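In what follows, a structure is listed as structure tokens, so that the remarks can point back to it.
Model, not experiment: these values are computed from the prediction.
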Amino acid sequence: MQQTPKKRSASENLRIFKHFLPYFKPRLPVLALDLFCASLTTVCDLVLPLIVRYITNMGATNLSALSISMVVRLSVLYVLLRIVDTAANYFMQSVGHVMGTHIETDMRRDLFAHLQDLPHAYYSNTKIGQLMSRITSDLFDITEFAHHFPEELFITSIKVVIAFVILCGMNVPLTLIIFAMLPLMVLCSNHFAKPMQRTFKESRHQLGEINARVEDSLSGIRVVKSFANEDVEKDKFAKDNQAFLGVKKRMYHNMAGFHSVTRMFDGIMYILVVCVGAVFMIMGRISAADLVAYLLYVTTLLASVRRLVEFTESFQRGITGIERFVEVMEEPPQIADLPGATELKDVRGELEFDDVSFAYEDGDRDVLSHINLHVRPGESVALVGPSGGGKTTLCNLIPRFYEAQSGVIRIDGKDIRSFTLHSLRKQIGMVQQDVYLFSGTVLSNIEYGRPGASREEVIEAAKLAGAHGFIMELENGYDAYVGEHGVKLSGGQKQRISIARVFLKNPPILILDEATSALDNESEHLVQKSLEGLMKGRTTFTIAHRLTTIRGTATILVLTDEGIVEQGSHAELMARRGVYYNLYSMYRESE
């Protein structure tokens with residue numbers, strides 16, 4: 001169930017801005033020039049009422065002193081000011097917006113980089129569609145916010161202060177009456193602004209839910225069609241879509257109330273100026289020229305206040321985007337380089353688990369408990385056992401996808417936590433059951449194993465993986481497009497490309513996570529041959545589903561929720577007639 005966003009405190013707003021303000025720092029010169037241009041446009045707006053007041057006053061009190069040449073000079077002065085205003089406004093609308101776009105781009109860059117550093121556990125509990133929403137649509141409004149927020153605040157502050165001083169010079173009581181209405185206007189508008197901000201955040205969340213629904217449904221479209229469940233997916237999408245509609249309705253009702261209040265106060269303040277000003281004019285406390293100028297200044301003042309109040313809508317959109325940005329950026333990487341971590345080089349491949357235990361954060365028991373294991377360089381070890389016994393978890397601890405709660409894992413006698421994550425993972429190759437190919441060519445997918453490798457090196461890796469033959473049969477060979485997630489290739493073809501990718505990486509330590517369990521017999525035979533070539537000379541962990549594929553492995557570990565309960569060769573374990581014997585017997589019977 002979706003939770004209603006909580007009201008932010010002043011300290012939370014300050015925390016959010018602390019994350020946002022550093023993005024202004026590299027662009028302070030542009031921001032300063034933008035605010036200078038804003039002050040020029042403000043001067044132009046404030047000069048016109050003074051010109052009108054002067055001409056009207058001269059016409060009413062000393063018409064003979066008002067010459068055509070004076071009117072022309074005043075007109076030329078105002079036209080020159082308007083030229084300056086046009087140039088300044090062009091800068092604000094172009095360079096100012098580009099500044100906002102740069103800030104949005106930098107935030108998106110940092111958000112994506114941070115997402116790359118978050119651990120596996122974060123992605124296990126977070127919808128990809130929600131993350132896509134945060135990295136795309138959530139940051140769209142940052143451009144407008146980053147540009148207009150300081151600009152509108154600056155312009156309105158100048159106009160309010162200067163207008164207050166000038167208007168007090170004309171009539172203090174009328175000025176105080178008008179300015180007393182401004183806080184009331186802001187207070188009433190704020191009544192709608194706060195729920196508007198909450199519905200903005202709800203709409204962003206619900207948009208993320210729609211993205212997640214679409215991503216989930218379209219990624220599994222073959223499963224949907226195979227079960228003829230198109231209508232089920234349509235119903236699920238319709239439910240999320242209707243929820244989004246409900247949020248948007250509430251949001252627009254709040255927006256309507258917000259804008260209606262500002263319009264109402266506009267009218268009230270105008271009629272106050274006209275009526276009270278007329279009374280003061282009758283009483284002789286304000287001249288006709290001053291009242292005309294007063295109306296023009298109030299128009300300028302109200303336009304600025306209205307722009308600032310109405311900017312609250314963009315402000316709320318922007319601050320919501322920043323808030324959701326900060327939520328992800330404050331998510332700790334959990335697994336990171338320790339101070340003084342060194343590069344892992346010249347790896348022999350000796351691996352040791354010393355009293356290692358591990359439990360998932362949301363689990364109520366240890367998945368691995370007091371594991372002790374020593375693997376010699378170049379040795380092949382197979383892991384077998386019932387589902388949930390911790391085979392994949394044990395292998396995921398080696399590249400530090402998860403961190404052991406206790407115990408130590410060593411490579412060549414050194415704690416893996418003493419190495420940088422990047423260098424550690426560079427020395428480990430993984431071939432998994434669920435092969436992921438990126439949208440692109442065969443060449444780019446193999447090259448992913450070692451970015452920057454030459455075409456010849458890629459082809460050599462494909463030959464070692466037994467993939468060169470079928471690749472050359474594709475319409476464009478190595479330049480063939482594999483489709484989203486490699487949908488244009490068979491399971492065996494995708495697996496051999498993933499093996500070629502590891503051949504190109506050439507790591508000393510290899511992890512095979514049920515790499516052939518999803519393949520047919522012919523594909524399994526081809527892939528198994530490729531894997532045998534890949535395993536030569538490398539320290540290898542094989543998680544086996546088809547037990548017949550590991551009979552030749554020197555060391556087989558039987559892993560259950562009680563830990564490593566048996567260890568030995570296939571012949572030794574069969575002779576023992578224990579857990580492995582029962583697993584192997586059941587597997588042979590099911591073939």
Side-chain angles (χ1 to χ4, degrees), residues 348-358 365-398 404 407 409-411 429-433 499 508-591:
R348 294 184 296 111
E350 181 184 13
L351 264 163
E352 181 184 1
F353 283 70
D354 184 359
D355 198 33
V356 172
S357 296
F358 174 81
R365 67 175 185 85
D366 284 351
V367 178
L368 299 172
S369 181
H370 305 289
I371 298 296
N372 291 284
L373 174 65
H374 182 261
V375 181
R376 293 183 295 275
E379 184 179 0
S380 290
V381 175
L383 300 173
V384 301
S387 296
K391 302 183 294 296
T392 299
T393 300
L394 184 144
C395 291
N396 282 336
L397 293 179
I398 300 172
I409 302 172
R410 300 185 181 90
I411 290 180
M430 300 189 74
V431 181
Q432 297 171 315
Q433 175 185 351
I499 294 170
I509 299 171
L510 187 62
I511 296 172
L512 309 178
D513 190 351
E514 299 187 353
T516 63
S517 64
L519 304 178
D520 56 66
N521 290 332
E522 182 181 356
S523 296
E524 179 190 3
H525 176 71
L526 294 170
V527 169
Q528 193 62 42
K529 284 186 63 177
S530 301
L531 290 174
E532 288 170 2
L534 182 62
M535 292 164 63
K536 288 180 181 177
R538 307 177 201 273
T539 303
T540 306
F541 283 78
T542 303
I543 299 174
H545 174 73
R546 297 183 176 180
L547 300 185
T548 53
T549 62
I550 52 133
R551 284 181 297 187
T553 304
T555 304
I556 299 173
L557 305 177
V558 182
L559 193 62
T560 70
D561 54 8
E562 297 177 2
I564 299 173
V565 295
E566 291 180 1
Q567 181 174 340
S569 66
H570 172 75
E572 291 170 344
L573 295 177
M574 289 298 289
R576 193 175 297 173
R577 289 181 170 267
V579 177
Y580 179 81
Y581 175 86
N582 293 331
L583 287 171
Y584 192 82
S585 299
M586 285 190 293
Y587 175 76
R588 292 305 301 265
E589 289 175 5
S590 64
E591 281 190 313

Pro386 versus Thr560, closest heavy-atom pair with distance: CD-CG2, 3.9 Å
Separation between CD1 of Ile398 and CD1 of Ile511, rounded to the nearest 0.5 Å: 4.5 Å
Heavy-atom side-chain contact between Cys395 and Asp513 under 4.5 Å: no
Ser357 side chain vs His370 backbone, donor-acceptor pair below 3.5 Å: yes
Nearest-0.5 Å distance that lies between atom CG in Leu368 and atom CZ in Phe353: 8.0 Å
Within residues 370-398 or reaching into it, pairs that qualify as salt bridge (Lys or Arg N to Asp or Glu O under 4.0 Å) - sequence neighbours excluded: Arg376-Glu379
Atom pair CD (Gln432) and CE (Met430), whose distance is rounded to the nearest 0.5 Å: 5.0 Å
Any Phe541 side-chain heavy atom under 4.5 Å of Val375 side chain: yes
Residue list, salt bridge (charged side-chain N to carboxylate O under 4.0 Å, His left out) with Glu566, at least two apart or on another chain: none
Phe358: ring-ring contact (aromatic ring centres under 6.0 Å, His included) partners, not counting sequence neighbours: Tyr360, Tyr402
Ile564 vs Val558, side chain to side chain contact (heavy atoms under 4.5 Å, CB included): CA-CA, chis, key distance, verdict: CA-CA 6 Å; Ile564 299 173; Val558 182; over 6 Å; no
Non-neighbouring partners of Arg410 that pass salt bridge (charged side-chain N to carboxylate O under 4.0 Å, His left out), sequence neighbours left out: Glu352, Asp354
Closest contact, heavy atoms only, Ile509 versus Gly349: CG1-CA, 4.3 Å
Interatomic spacing from CD1 in Ile550 to CG in Leu512 - rounded to 0.5 Å: 12.0 Å
Side chain to side chain contact (heavy atoms under 4.5 Å, CB included) partners of Asn582, counting only residues at least two apart: none
4.5 Å side-chain heavy-atom contact, Thr555 and Gln567: yes
Separation of Thr539 OG1 from Leu510 CG (nearest 0.5 Å): 9.5 Å
Interatomic spacing from CD1 in Ile543 to OG1 in Thr392 - rounded to 0.5 Å: 3.5 Å
Minimum side-chain heavy-atom gap Ile371-Leu397 below 4.5 Å: no
Residue list, salt bridge (charged side-chain N to carboxylate O under 4.0 Å, His left out) with Asp561, at least two apart or on another chain: none
Considering all heavy atoms, the nearest Thr553-Ile556 contact: O-CG1, 4.3 Å
